[in-house]
A.B. asks: 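So that we are looking at the same thing, I have put the structure below in structure tokens.
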Amino acid sequence: MTEDNRRELAAMAAAFRMPRYRELPDIGLRLEQVTRYASRYVPSPVTGSMVSNYVKQRLIPGPHKKSYSQESIAYLLMLSYVKTVVSMEDVRLMLQVQQSSYEISVAYDYFCAELENLLQYVFGLKPAPDEIGTTHTEEKEMLRSALLSVTHKLYMEQHLKFMRTARDSNDSDTIP
């Protein structure tokens with residue numbers, strides 16, 4: 001990876017910010033609006049069938065009069081990251097633990113702060129991750145472990161993207 005690539009990755013990590021719970025739309029979004037909104041913040045696009053499946057599996061709250069709430073959006077955003085490194089069965093368990101331990105607004109805001117914190121650490125902007133919050137619990141440690149896996153995966157994917165681009169560029173230079 002070139003130094004320019006490293007700087008680009010660092011800039012991406014530094015600029016990344018998840019909306020906090022109070023910033024999530026609270027007017028009730030239709031399914032298409034939810035998928036567009038969520039896709040702005042997660043690495044892979046969110047589809048309507050994914051959302052419907054998560055509702056059927058009771059992983060996120062379903063719509064009320066065809067409108068999704070802040071709570072639904074918060075769970076969807078958290079789920080969209082964690083599911084990339086944890087089985088759906090384990091995601092369900094993690095959500096059950098969260099629901100019995102913290103209000104969704106607190107858990108979601110912690111999730112956002114920890115994700116941003118770990119992205120900056122993994123992408124080389126700080127030598128160690130910050131301690132987020134004032135308490136140390138097993139639930140928070142589990143989430144940190146899952147998010148460390150997520151952020152390492154994101155870093156690796158970006159690194160491979162740069163490598164593919166460099167390879168493709170070199171290949172096109174040799175084609176007559």
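Quantities reported herein were computed from a predicted structural model and do not represent experimental measurements.
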A.B. asks: Residues two or more places apart in sequence or in another chain: which of them pass side chain to side chain contact (heavy atoms under 4.5 Å, CB included) with Gln96?
C.D. replies: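 Gln96 satisfies side chain to side chain contact (heavy atoms under 4.5 Å, CB included) with Arg92, Leu93 only.
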A.B. asks: Any side-chain heavy atom of Leu31 within less than 4.5 Å of one from Lys66?
C.D. replies: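 Answer no - side chains too far apart.
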A.B. asks: Could you grab the distance from atom CG of Asp26 to atom OG of Ser67, nearest 0.5 Å is fine?
C.D. replies: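 If I round to the nearest 0.5 Å, the distance is 12.0 Å.
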A.B. asks: Given 3.5 Å as the limit, does a donor-acceptor pair link the side chain of Thr84 with the main chain of Ser80, or not?
C.D. replies: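 Side chain of Thr84 to backbone of Ser80: no pair is present.
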A.B. asks: My understanding is that only residues two or more places apart in sequence, or in another chain, count here; which of them pass ring-ring contact (aromatic ring centres under 6.0 Å, His included) with Tyr102?
C.D. replies: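 Checked Tyr102 against ring-ring contact (aromatic ring centres under 6.0 Å, His included); zero matches.
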A.B. asks: To check you understand the geometry: which heavy-atom pair defines the closest contact between Ile104 and Glu71, and what is its length?
C.D. replies: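 Heavy atoms only, the tightest pair is CG2-CG, 4.1 Å.
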A.B. asks: Flag yes if Val97 and Val150 sit in one hydrophobic cluster, no otherwise; membership is Ile, Leu, Val, Met, Phe, Trp, Tyr, and two members link when side-chain heavy atoms are under 4.5 Å apart.
C.D. replies: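 Different clusters.
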A.B. asks: Assess whether salt bridge (Lys or Arg N to Asp or Glu O under 4.0 Å) is satisfied between Glu157 and Lys161, documenting all intermediate values.
C.D. replies: CA-CA 6 Å; Glu157 289 170 350; Lys161 180 179 167 185; over 6 Å; no
A.B. asks: Looking at Lys140 and Thr134, what are the two nearest heavy atoms and their distance?
C.D. replies: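 Minimum heavy-atom separation between Lys140 and Thr134: NZ-N, 4.1 Å.
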A.B. asks: If you take all heavy atoms of Met88 and Leu79, which pair is closest and at what distance?
C.D. replies: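 Smallest heavy-atom distance, with atoms named: CE-CD1, 4.0 Å.
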A.B. asks: Can you sort out the partners of Gln98 under side chain to side chain donor-acceptor pair (under 3.5 Å), two or more places apart, ordered by chain and number?
C.D. replies: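 Gln98: side chain to side chain donor-acceptor pair (under 3.5 Å) contacts with Tyr75.
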A.B. asks: Any side-chain heavy-atom pair from Met163 and His159 closer than 4.5 angstrom?
C.D. replies: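 The answer is yes; the side chains approach within 4.5 Å.
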A.B. asks: List the residues meeting ring-ring contact (aromatic ring centres under 6.0 Å, His included) with Phe123, not counting sequence neighbours, and say none if there are none.
C.D. replies: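 Residues passing ring-ring contact (aromatic ring centres under 6.0 Å, His included) with Phe123: Tyr155.
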A.B. asks: Rounded to the nearest 0.5 Å, what separates atom OG1 in Thr165 from atom CG in Leu160?
C.D. replies: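 These two atoms lie 10.5 Å from each other.
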A.B. asks: So do Met12 and Phe16 actually touch side chain to side chain, heavy atoms under 4.5 Å?
C.D. replies: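 Not touching, per the 4.5 Å side-chain cut-off.
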A.B. asks: What distance do Gln120 atom CD and Thr151 atom OG1 have between them, rounded to the nearest 0.5 Å?
C.D. replies: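 If I round to the nearest 0.5 Å, the distance is 11.5 Å.
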A.B. asks: Assess whether a salt bridge exists between Glu116 and Arg20, defined as any Lys/Arg side-chain N lying under 4.0 Å from an Asp/Glu carboxylate O.
C.D. replies: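 Here Glu116 pairs with Arg20 in a salt bridge, since their nearest N and O are under 4.0 Å apart.
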A.B. asks: Do Met94 and Tyr108 sit in the same hydrophobic cluster, where Ile, Leu, Val, Met, Phe, Trp and Tyr count as joined when their side-chain heavy atoms come under 4.5 Å apart?
C.D. replies: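 Looking at the clustering, Tyr108 is in the same group as Met94.
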A.B. asks: Can you sort out the partners of Tyr121 under side chain to side chain donor-acceptor pair (under 3.5 Å), two or more places apart, ordered by chain and number?
C.D. replies: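 Testing Tyr121 for side chain to side chain donor-acceptor pair (under 3.5 Å), a comparison that skips the adjacent residues, returns none.
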A.B. asks: Are Gln33 and Tyr68 side-chain neighbours, meaning at least one heavy-atom pair lies under 4.5 Å?
C.D. replies: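 Not in contact.
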A.B. asks: So if you build clusters from Ile, Leu, Val, Met, Phe, Trp, Tyr with side-chain heavy-atom gaps below 4.5 Å, do Leu77 and Val106 land together?
C.D. replies: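 Hydrophobic grouping puts Leu77 apart from Val106.
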A.B. asks: Per the side chain to side chain contact (heavy atoms under 4.5 Å, CB included) rule, which among Leu154, Leu147, Asp130 passes with Leu118?
C.D. replies: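 Answer after filtering Leu154, Leu147, Asp130: Leu147.
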A.B. asks: Can you tell me how far the SG atom of Cys112 sits from the OH atom of Tyr81, to the nearest 0.5 Å?
C.D. replies: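 Reported to 0.5 Å precision, the distance equals 9.0 Å.
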A.B. asks: Not counting sequence neighbours, which residues clear salt bridge (Lys or Arg N to Asp or Glu O under 4.0 Å) with Glu23? List them please.
C.D. replies: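 Partners of Glu23 under the salt bridge (Lys or Arg N to Asp or Glu O under 4.0 Å) test: Arg17.
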A.B. asks: Please list, chain by chain and in numerical order, all residues satisfying salt bridge (Lys or Arg N to Asp or Glu O under 4.0 Å) with Glu103, sequence neighbours excluded.
C.D. replies: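 Salt bridge (Lys or Arg N to Asp or Glu O under 4.0 Å) list for Glu103, sorted by chain: empty.
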A.B. asks: How far does CZ of Arg22 sit from CG of Asp109, to the nearest 0.5 angstrom?
C.D. replies: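 Arg22 CZ to Asp109 CG: 7.0 Å, rounded to 0.5 Å.
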A.B. asks: With sequence neighbours left out, write down each residue that passes salt bridge (Lys or Arg N to Asp or Glu O under 4.0 Å) with Arg30, or none if nothing qualifies.
C.D. replies: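 Arg30 satisfies salt bridge (Lys or Arg N to Asp or Glu O under 4.0 Å) with no other residue.
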A.B. asks: Could you check whether any side-chain N or O of Gln70 sits under 3.5 Å from a backbone N or O of Tyr21, counting only pairs where one atom can act as donor and the other as acceptor?
C.D. replies: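 Yes, Gln70 side chain to Tyr21 backbone: donor-acceptor pair under 3.5 Å.
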A.B. asks: Rounded to the nearest 0.5 Å, what separates atom CG in Leu95 from atom CG in Leu59?
C.D. replies: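 Between atom CG of Leu95 and atom CG of Leu59 there are 6.5 Å.
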A.B. asks: What is the minimum heavy-atom distance between Ile132 and Ala113, and which atoms define it?
C.D. replies: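 Scanning both residues completely, I find the closest heavy atoms to be CG2-CB, 3.9 Å.
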A.B. asks: Going by salt bridge (Lys or Arg N to Asp or Glu O under 4.0 Å), name the residues that satisfy it together with Glu8, two or more places apart in sequence or in a different chain.
C.D. replies: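 Glu8 satisfies salt bridge (Lys or Arg N to Asp or Glu O under 4.0 Å) with no other residue.
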A.B. asks: At their closest point, which heavy atom of Ala146 faces which heavy atom of Val86, and how far apart are they?
C.D. replies: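 Heavy atoms of Ala146 and Val86 come nearest at CB-CG2, 4.3 Å.
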A.B. asks: Can you name the side chain to side chain donor-acceptor pair (under 3.5 Å) partners of Thr47, sequence neighbours left out?
C.D. replies: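 For Thr47, the residues satisfying side chain to side chain donor-acceptor pair (under 3.5 Å) (neighbours in sequence not counted) are Ser49.
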A.B. asks: Just to verify, what does Asn117 make a side chain to side chain donor-acceptor pair (under 3.5 Å) with, not counting sequence neighbours?
C.D. replies: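 Glu114, Lys126.
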A.B. asks: Could you pull out the closest heavy-atom pair between Ser72 and Gly62, with the gap in Å?
C.D. replies: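 The answer is OG-O, 4.1 Å.
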A.B. asks: Run the side-chain contact (heavy atoms from CB on, under 4.5 Å) check on Arg144 and Glu131 step by step: do they pass?
C.D. replies: CA-CA 10 Å; Arg144 176 171 268 202; Glu131 288 299 321; 3.5 Å; yes
A.B. asks: Give me each pair satisfying side-chain hydrogen bond (donor to acceptor under 3.5 Å, both in side chains) with a member in residues 35-45, each pair once, sequence neighbours excluded.
C.D. replies: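 The answer is none; no pair qualifies.
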